[in-house]
Amino acid sequence: MKVFLFDAARCNGCHNCQVACKDEHCGNDWMPYAAPQPDTGHFWMQVQEIEHGQAPKVRLEYRACMCNHCDDAACIKAAPDCVYRRDDGLVIIDPEKAKGRRDIVESCPHGRIFWNDELALPQKCTGCAHLIDAGQVPHCVDLCATGALRFGDESDFSDEISSGKAVAVDAGGGRVYCMNMPKLFVAGEVWDPFDDEIIEGACVHLVGEGVDRSELTDGFGDFWFKGLEPGNYQLEVSVSNYLGQSKQFRLDKSLNLGDFPLRRA
Ligand code: SF4
Ligand code: SF4
């Protein structure tokens with residue numbers, strides 16, 4: 001069985017994988033797996049940008065999204081006469097049998113099937129099955145220069161999968177795994193309102209949800225705590241010659257706690 005592995009820690013959002021999919025499929029007929037993809041409107045491979053935090057403390061997360069080639073594929077259940085699974089696990093919409101079957105687009109809970117108006121066809125990622133048959137890798141994987149997108153036999157990734165580091169994108173299991181997805185962060189800025197200056201080197205202590213960490217504010221007076229789980233936290237800011245401050249908060253999404261103006265003691 002084949003597997004895609006997306007490593008968020010290596011992805012720089014270059015979009016090469018998205019362009020590679022267009023390059024391989026637009027105007028190219030790869031029957032019996034895929035009729036040509038239209039030039040616009042289809043994203044069989046799509047790099048999504050997800051913003052975390054609030055300005056000016058914002059981080060962008062990139063995700064390469066495609067058909068998950070689900071183990072329990074809703075599209076196969078909806079149209080078993082038109083959609084099938086290959087021996088290597090890839091799910092294929094048969095371009096001849098699926099002609100006119102717009103209902104197949106709606107069957108995917110992940111929104112990974114697109115309608116081709118001109119050909120009256122539901123279409124999606126085939127895992128570049130035509131290349132795999134030729135002993136190559138999917139074109140998106142080939143053009144990913146950072147190694148964020150990998151492809152191979154499931155046994156090639158057994159360490160990542162068995163350790164739980166890589167998890168299937170579809171909750172029911174599938175051929176696409178992801179790892180190192182970003183957790184939450186909390187950030188803020190410490191400054192002196194009397195001098196109208198940021199305070200570098202202030203001690204910020206965060207406690208909660210298995211975390212007990214301290215950081216010093218940087219040259220911008222900023223602090224960042226990354227890799228946090230959702231939950232309840234308490235944060236304390238202290239620096240000599242100033243009155244400290246503390247804040248309790250609940251973290252459900254990444255949070256910019258804003259300014260901590262410290263008054264002199
Ligand atoms: S992601 Fe959607 S199109 Fe792909 S196998 Fe799963 S249900 Fe089918
Ligand atoms: S090509 Fe690789 S690094 Fe670039 S956006 Fe796609 S997955 Fe990320």
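Indexing begins at 1, ligand by ligand and atom by atom, following the structure's order. Hydrogens, waters and symmetry mates play no part in the numbers below; they use all other heavy atoms, side chains included. For clarity, every value in this text was computed on a predicted model and none was experimentally measured.
Cys125 does not count as a contact of ligand 1, since none of its heavy atoms falls under 4.0 Å from the ligand.
Between Tyr233 and Phe249, the ring planes lie parallel to each other; the angle is under 30°, not in the 30° to 60° tilted range. Ring geometry for Phe43 against Phe114 counts as perpendicular: the plane angle is over 60°, on a 0 to 90° scale with 30° as the lower cut.
Looking at every heavy atom in both residues, Met66 comes nearest to Leu149 through CE-CD1, 4.1 Å. The minimum heavy-atom distance between Ala129 and Arg86, with the atom names listed, is CB-NH1, 3.5 Å.
Shown in contact with Val47 at under 4.0 Å from a heavy atom are these atoms of ligand 2, numbered in order with element: 5 (S). Interface atoms of ligand 1 facing Ile113, defined by a heavy-atom separation under 4.0 Å, are 3 (S). Per-residue contacts place Asn68 under 4.0 angstrom from the following atoms of ligand 1 (heavy atoms of the residue considered): 1 (S), 4 (Fe). Against a heavy-atom cut-off of under 4.0 Å, Asn12 is close to the following atoms of ligand 2: 3 (S), 4 (Fe). Shown in contact with Pro109 at under 4.0 Å from a heavy atom are these atoms of ligand 1, numbered in order with element: 7 (S). The distance from ligand 1 to the heavy atoms of His110 drops below 4.0 Å at these ligand atoms: 1 (S). Here is the list of ligand 1 atoms found below 4.0 Å of a heavy atom in Ala74: 7 (S). Taking every non-hydrogen atom of Asn16 and a distance limit under 4.0 Å, the qualifying atoms of ligand 2 come out as 1 (S).
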TODO: Give the intermediate values and the outcome of ring-ring contact (aromatic ring centres under 6.0 Å, His included) for residues His130 and His139.
DONE: CA-CA 10 Å; His130 62 289; His139 202 39; 9.0 Å; no
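Ring to ring, Trp224 and Phe185 are close: their centroids are under 6.0 angstrom apart.
In this structure, atom 8 (Fe) of ligand 2 lies nearest to the protein heavy atom Cys11 SG, 2.4 Å. Looking from atom 1 (S) of ligand 2 to the surrounding protein, the closest heavy atom is Cys17 N, 3.3 Å. For atom 2 (Fe) of ligand 1, the closest heavy atom belonging to the protein is Cys108 SG, 2.3 Å. Remark: minimum distance from atom 6 (Fe) of ligand 1 to any protein heavy atom is reached at Cys70 SG, 2.3 Å. In terms of protein heavy-atom proximity, atom 4 (Fe) of ligand 1 is nearest to Cys67 SG, 2.3 Å.
The hydrophobic clustering, which links ILVMFWY residues whose side-chain heavy atoms are closer than 4.5 Å, places Trp30 and Leu131 apart.
Taking 2.8 Å as the threshold, Cys144 counts as a candidate ligand of atom 2 (Fe) of ligand 2, since one of its N, O or S atoms lies below it. Because the distance cut-off is set at 2.8 Å, Cys75 qualifies as a neighbour of atom 8 (Fe) of ligand 1 through one of its N, O or S atoms. Not a single N/O/S atom of His15, whether from backbone or side chain, sits less than 2.8 Å from atom 8 (Fe) of ligand 2.
The environment of CG in Asp212 is crowded: more than 12 heavy-atom neighbours from other residues, nucleotides or ligands sit within 6.0 Å.
Checking side-chain atoms of Arg85 against main-chain N and O of Asp71 turns up a donor-acceptor pair under 3.5 Å. A donor-acceptor contact shorter than 3.5 Å links the side chain of Thr146 to the backbone of Arg10.
In summary, Lys183 and Glu229 engage in a salt bridge, as defined by a charged side-chain N under 4.0 Å from a carboxylate O.
Counting heavy atoms under 4.0 Å from ligand 1, residue His69 touches it through the backbone alone.
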